[in-house]
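Just follow the structure's listing: the first ligand is 1, and inside any ligand the first atom is 1. Keep in mind that the numbers below use all heavy atoms, side chains included, and drop hydrogens, waters and symmetry copies.
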Amino acid sequence: MPVLDAEFAVVGLGAMGSHALWRLASRGKEVLGFEQFQPGHPFGSTHGKTRLFRTLCLEHPGLVPMARRSIDLWRELEAETDTSIVSLCGLLNMGATESGVIRGVQAAAAAHGQAVRRLTAAEIRKEFPQHGRVGDTDVAILDPIAGVARPEAAVLAATSAAAAAGARLFTQTGVIDVTVVDQGVRIRTAARDFLVAQAIVTPGPWLSHLMPGLPMLPTRTPLTWFTPSHDPGTFSVDRFPAFIRDLGEGNRIWGHGSDTDHDVKVGPEDDPHYSLVNPDLVDRSISTDDYALVSRLVSEFLPDLDPQPSGVAACMITRTPDHQFLLGRPYGDPRLLLGGGDSGHAFKHAPGLGEVLAQLACGEEPFTDIDFMDPNRFR
Ligand SMILES: Cc1cc2nc3c(=O)[nH]c(=O)nc-3n(C[C@H](O)[C@H](O)[C@H](O)COP(=O)(O)OP(=O)(O)OC[C@H]3O[C@@H](n4cnc5c(N)ncnc54)[C@H](O)[C@@H]3O)c2cc1C
């Protein structure tokens, strides 16, 4: 009988994988972590200094417990590693009463009994004058447990907490394939093969390379930063909190104010220029097409920002057909677990998703319903 190298392996230590590794190691489990680059690198989906953190998840009411668990786990991780990961400044969900953003946030709040503050158009104009073109029927719902999270800091904290708890890290180590064998799962790398009882596969945009047959859409999605045309203080994060704004006609913008280490961030929910990519070949050079749409939306809806971005960086998301994540056992195999299909909104849930992956790996009941994320739902 061959000897196992460890009980578990996590393949891909980005947002989901680093937190799964930490949650397994913190249970005292023997776990190996494989990452093709260095944790916190800028080549996948988890770089660019900030992400929005929200608990009134308009994408699905079932994500509210995931976000709530995530902030609790991040507070633990911050204390354990002396790192700042999430700053709560509140988030304005804005749009017409019947818009997708307002309806989604109301559904999330109602499903979980979350009290919210609702602002009228007049209140938005008075309290947040940075937002231009607020229509008379627009409203805003303030998510109080929301703000700005730091992706690179979180990944580094999770991997270092995992290592401190005994996880063995293999960085700069690309996994060539993950194969179910009689004795468990074989993880093949250029240097050698590893045998584990279960593998947790979390390779972000590279998912299709390791697990073919899932409908993954890795998409190049640039990050864009802006500066005020005058009076920089009006756009600092304490005066210009995080927001998602439904513009109607199928588009939204999201963003947050500046802080000591970053400018104002604004991005569109979608852009016809976004393109499907092979993550190994993604074009990291920047062209004016990368920010033409967001610049136009900034000049229309945030007129006191300079519409010429102060920074642009290539990044990726991996969409699924229904824009929900994949979480669970692909192909129904008890030796494999999968976390992926981030669909552009998974960073805020990384600790919760990592916790569920650890629970499933250890045969525990997941802390929340994950049926809507079943990785086999498209088959
Ligand atoms: C522009 C933009 C804005 C966003 N805004 C938000 C937001 O405001 N809020 C939010 O919650 N989310 C947001 N997101 C989404 C969020 O960033 C992603 O959902 C999240 O970072 C995805 O993490 P992941 O673990 O799936 O992928 P990744 O972090 O990319 O992790 C995958 C890891 O696996 C490694 N890997 C892959 N293949 C192998 C292999 N064969 N061997 C070893 N290692 C491998 C990769 O190198 C990588 O480190 C945004 C994304 C973008 C692009």
Enquirer: Decide whether D263 and S310 meet the rule of one side-chain donor and one side-chain acceptor closer than 3.5 Å.
Expert: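 Checked: D263/S310 side chains pair up, N/O donor to acceptor below 3.5 Å.
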Enquirer: Which residue and non-hydrogen atom of the protein lie closest to atom 29 (O) of ligand 1, and at what distance in Å?
Expert: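 It is T46 OG1, 2.3 Å.
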Enquirer: Pairs of nitrogen or oxygen atoms closer than 3.5 Å, one from A15 and one from ligand 1: do any exist?
Expert: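 N/O-N/O distance under 3.5 Å: yes.
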Enquirer: Could you state whether F325 and Y331 fall into the same hydrophobic cluster, counting links through intermediate Ile, Leu, Val, Met, Phe, Trp or Tyr residues with side-chain heavy atoms under 4.5 angstrom apart?
Expert: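 No, F325 does not connect to Y331 through the hydrophobic network.
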Enquirer: Looking only at atom types and distance, does a side-chain atom of Q130 sit under 3.5 Å from a main-chain N or O of R239, one as donor and one as acceptor?
Expert: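 It does hold such a pair.
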Enquirer: For ligand 1, which atoms, with element, lie under 4.0 Å from some heavy atom of K348?
Expert: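 Under 4.0 Å from K348, ligand 1 has these atoms: 9 (N), 10 (C), 11 (O).
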Enquirer: So, regarding L52 and ligand 1 (criterion: nitrogen or oxygen to nitrogen or oxygen, under 3.5 Å), is there a contact or not?
Expert: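 There is such a contact, yes.
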Enquirer: So is R69 actually on top of F367's ring, under 6.0 Å and inside 45° of the axis?
Expert: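 Pair R69/F367 counts as cation-pi.
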Enquirer: What residue and atom, counting heavy atoms only, is the protein's closest point to atom 44 (N) of ligand 1, and at what distance?
Expert: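 Atom 44 (N) of ligand 1 sits closest to the protein heavy atom Q36 N, 3.1 Å.
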Enquirer: Out of E269, H256, R51, H41, whose heavy atom sits nearest atom 17 (O) of ligand 1?
Expert: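 Heavy atom nearest to atom 17 (O) of ligand 1 belongs to R51.
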Enquirer: If you measure from atom 27 (O) of ligand 1 to every heavy atom of A346, G339, G204, which option wins on shortest distance?
Expert: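 When every heavy atom of A346, G339, G204 is considered, G204 comes closest to atom 27 (O) of ligand 1.
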Enquirer: Is it the side chain (CB and beyond), the backbone, both or neither of T202 that lies under 4.0 Å from ligand 1, heavy atoms counted?
Expert: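 The backbone, only.
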Enquirer: Taking the non-hydrogen atoms of G267, is any one of them nearer than 4.0 angstrom to ligand 1?
Expert: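 Not so, G267 does not reach ligand 1.
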Enquirer: Please report whether ligand 1 has a polar contact with G17, defined as an N or O pair separated by less than 3.5 Å (distance criterion only).
Expert: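 The answer is no, given that G17 and ligand 1 share no N or O pair closer than 3.5 Å.
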Enquirer: Just checking F194 against F170, ring centres under 6.0 Å apart?
Expert: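 Here the rings of F170 and F194 have centres that are less than 6.0 Å from each other.
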Enquirer: Just to confirm my output: which protein heavy-atom neighbour is closest to atom 18 (C) of ligand 1, and how far is it?
Expert: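 Scanning the protein heavy atoms, the shortest distance from atom 18 (C) of ligand 1 goes to D342 OD2, 3.3 Å.
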Enquirer: Just by modelled atom types, is the G341 backbone N or O under 3.5 Å from a matching donor or acceptor in the T318 side chain?
Expert: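 Flag not set: sc T318 to bb G341 has no pair under 3.5 Å.
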Enquirer: Would you mind running through ligand 1 and noting each atom that sits below 4.0 Å from a heavy atom of P222?
Expert: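 Counting atoms of ligand 1 from 1, those under 4.0 Å from P222 are 1 (C).
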Enquirer: For F53, which part has a heavy atom under 4.0 Å from ligand 1: side chain, backbone, both, or neither?
Expert: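 The answer is neither; F53 stays 4.0 Å or more away.
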Enquirer: Under 4.0 Å from ligand 1, counting heavy atoms only, is it the side chain of P205, its backbone, both or neither?
Expert: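 Near ligand 1, P205 shows its side chain, while the N, CA, C and O stay back.
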Enquirer: Side chain, backbone, both or neither: which part of V155 comes within less than 4.0 Å of ligand 1 when only heavy atoms are counted?
Expert: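 For V155, there is no contact with ligand 1 at all, from either part.
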Enquirer: Give the residue and atom name of whichever protein heavy atom lies nearest to atom 34 (O) of ligand 1, and the separation in Å to one decimal.
Expert: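 Nearest neighbour among protein heavy atoms for atom 34 (O) of ligand 1, to 0.1 Å: G12 CA, 3.1 Å.
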Enquirer: Taking CG in D231 as the centre, count heavy atoms belonging to other residues, nucleotides or ligands within less than 6.0 Å. Is the count above 12?
Expert: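 Enclosed: over 12 neighbouring heavy atoms sit under 6.0 Å from CG of D231.
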Enquirer: Same cluster for L297 and V101 if Ile/Leu/Val/Met/Phe/Trp/Tyr side chains link at under 4.5 Å?
Expert: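 Not linked; separate clusters.
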